Amino acid sequence: MIDYNSFHRYLCELVELFQKTQSLKGMSNIARKWHCTALTKEQFFKMNLDKMTVSQVTPQYSRMVRDVIGKHDAKMTLRDTIGRLATDFLRDGKVSQGSDRMVQITITQSAQPLADSQAPQKKEAKAAPLPLYKPGQIVFRKGRDGGMLHLVSKIEGDRFFWSYETMKGEDGVERVYENTVSSSYLGNPDIRLAKGNEVARFLGALTRSGYRWKADNANGLFYVLGKEKESKPVDVFANDLPLNDYENTGIHPLPSVGSSPYRYALGPLIPIDNGEDYMSRCYDVSLLNAVVRQIKTAFSDFYHIREMFQYDMPALCCSEDIKEYRVALVKDDNNGTCYWLARDRDVLRLLSWVAFNV
């Protein structure tokens, strides 16, 4: 929820700073002090705040300024999250604004800052009309864990239904699930049109859940086309490892630690003593420490790394430019046990078959 009081105090102090120094140096410190969204220098001058005094910055005017930059932030969030959907989809920051300042991504006339003589006046409160939702719009419903988002499917009388909704799983990741039976009445105060960043959040959850979707840019509507077919991982080899010493050691997964790119380890039974003849010694302390933690987690009898070498192996079947794939070799400081390391399990399997045929 927006803290308009803190933003008002921030705006007053910012105007006072400019009136005293004719400069905005230190404006970021003021924003941090009041823990609120900050104006850019361009917005400060565009809204004529350089010509105002502190007494002219009323709470109503501060609220209007906060709403204007909030709509700009919603546009930027949408653009950064789902990209540009059409040439004029977000042109000039023109996003629509509902009765409770909630943003829906349709094109309309944008609000402009008011001059001093046009400062907002207090008006009598009027009853808000019932929202006119459309199939394809995304609405937000208040609740725990950031609320839920629904995709409107149909309107019947004074109720609307939704076909998809967001939910968080046990892993805390938000996904989209089908729901064709739930509905709500149009005047429900806990439901409103989704903001721009909430629309982007729903579309991200759709993609994460394997759904294909399209957008009606002109009307700000969205449609789910169906679920992507799940692709099964391809097993490169019919068998796992060749019948030699590698088969007895197996390929072991490594935990993700720090800057280490390696995720799998394969250890031959016979130690390797001439790694330096073919590979480059690793002197990166942070990488060495990360690999030590990975190996010690996967192999309880591993003491410490005596040597670590890396080699950029040319990849076959490249087009135009030769590409490389990095593998590593580490050796135990205690008993000389060695492990080959790679990012992918199948690379270690392939190299074991190559070694078997040499």
Side-chain angles (χ1 to χ4, degrees), residues 1-19 23-24 26-82 84-126 128-129 131 137-140 192-201 217 220:
M1 181 177 292
I2 300 174
D3 187 345
Y4 286 102
N5 291 330
S6 293
F7 185 81
H8 173 64
R9 297 187 184 99
Y10 155 75
L11 204 59
C12 289
E13 189 167 336
L14 189 61
V15 169
E16 184 179 13
L17 170 69
F18 186 83
Q19 291 298 317
S23 169
L24 291 176
M27 64 185 301
S28 59
N29 294 331
I30 299 176
R32 283 193 293 269
K33 172 183 175 181
W34 293 108
H35 305 286
C36 62
T37 299
L39 286 168
T40 64
K41 291 183 178 179
E42 180 183 0
Q43 290 170 332
F44 182 87
F45 291 105
K46 185 176 181 180
M47 296 182 184
N48 298 319
L49 290 168
D50 57 317
K51 299 179 178 62
M52 297 181 68
T53 63
V54 176
S55 61
Q56 292 175 308
V57 183
T58 64
Q60 294 87 349
Y61 192 83
S62 296
R63 176 179 286 264
M64 182 277 297
V65 172
R66 179 61 182 84
D67 289 344
V68 169
I69 66 173
K71 288 170 59 177
H72 178 270
D73 292 343
K75 180 196 69 173
M76 292 298 103
T77 299
L78 181 64
R79 177 175 292 168
D80 294 343
T81 307
I82 63 176
R84 188 185 299 276
L85 298 179
T87 303
D88 59 355
F89 192 71
L90 299 173
R91 184 179 58 195
D92 300 326
K94 297 178 181 177
V95 292
S96 66
Q97 180 178 345
S99 60
D100 55 356
R101 301 177 303 284
M102 301 311 174
V103 178
Q104 177 72 13
I105 50 175
T106 54
I107 303 303
T108 185
Q109 184 175 355
S110 60
Q112 297 295 330
L114 301 178
D116 295 347
S117 60
Q118 297 175 300
Q121 303 297 321
K122 187 175 181 180
K123 296 181 180 180
E124 294 183 4
K126 295 182 179 180
Q137 286 182 324
I138 298 170
V139 297
F140 173 85
R192 54 165 171 74
L193 284 177
K195 299 179 181 180
N197 58 330
E198 291 166 344
V199 170
R201 180 180 128 198
N217 297 352

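Given the structure is predicted, the values throughout are model-derived calculations rather than measurements.
For Phe7 and Tyr10, the ring centers are positioned less than 6.0 Å apart.
Nearest heavy atoms, Ser62 versus Leu11: OG-CD2, 3.6 Å. When all heavy atoms of Ser6 and Trp34 are compared, the closest pair comes out as CB-O, 3.7 Å. When every heavy atom of Lys195 is checked against every heavy atom of Glu198, the shortest pair comes out as N-OE1, 2.8 Å.
Residues Val68 and Met47 have side chains in contact (heavy-atom distance under 4.5 Å, counting atoms from C-beta outward). Two residues are said to be in side-chain contact when any heavy atoms from C-beta on lie closer than 4.5 Å; Leu49 and Leu14 fail this criterion.
Note that the NZ atom of Lys51 and the OG1 atom of Thr53 stand 13.5 Å from one another [nearest 0.5 Å]. One distance of note links CZ of Phe44 with CE of Met27; it measures 7.0 Å at 0.5 Å rounding. Rounding to the nearest 0.5 Å gives a distance of 12.0 Å between NZ of Lys46 and CG of Leu39. Taken to the nearest 0.5 Å, the CZ atom of Arg9 stands 11.0 Å off from the CD atom of Glu13. Atom OG of residue Ser23 and atom CG of residue Leu17 lie 6.5 Å apart, to the nearest 0.5 angstrom.
Checked against Tyr61 for a side chain to side chain contact (heavy atoms under 4.5 Å, CB included), the options Met52, His8, Arg66 give a single hit: Met52.
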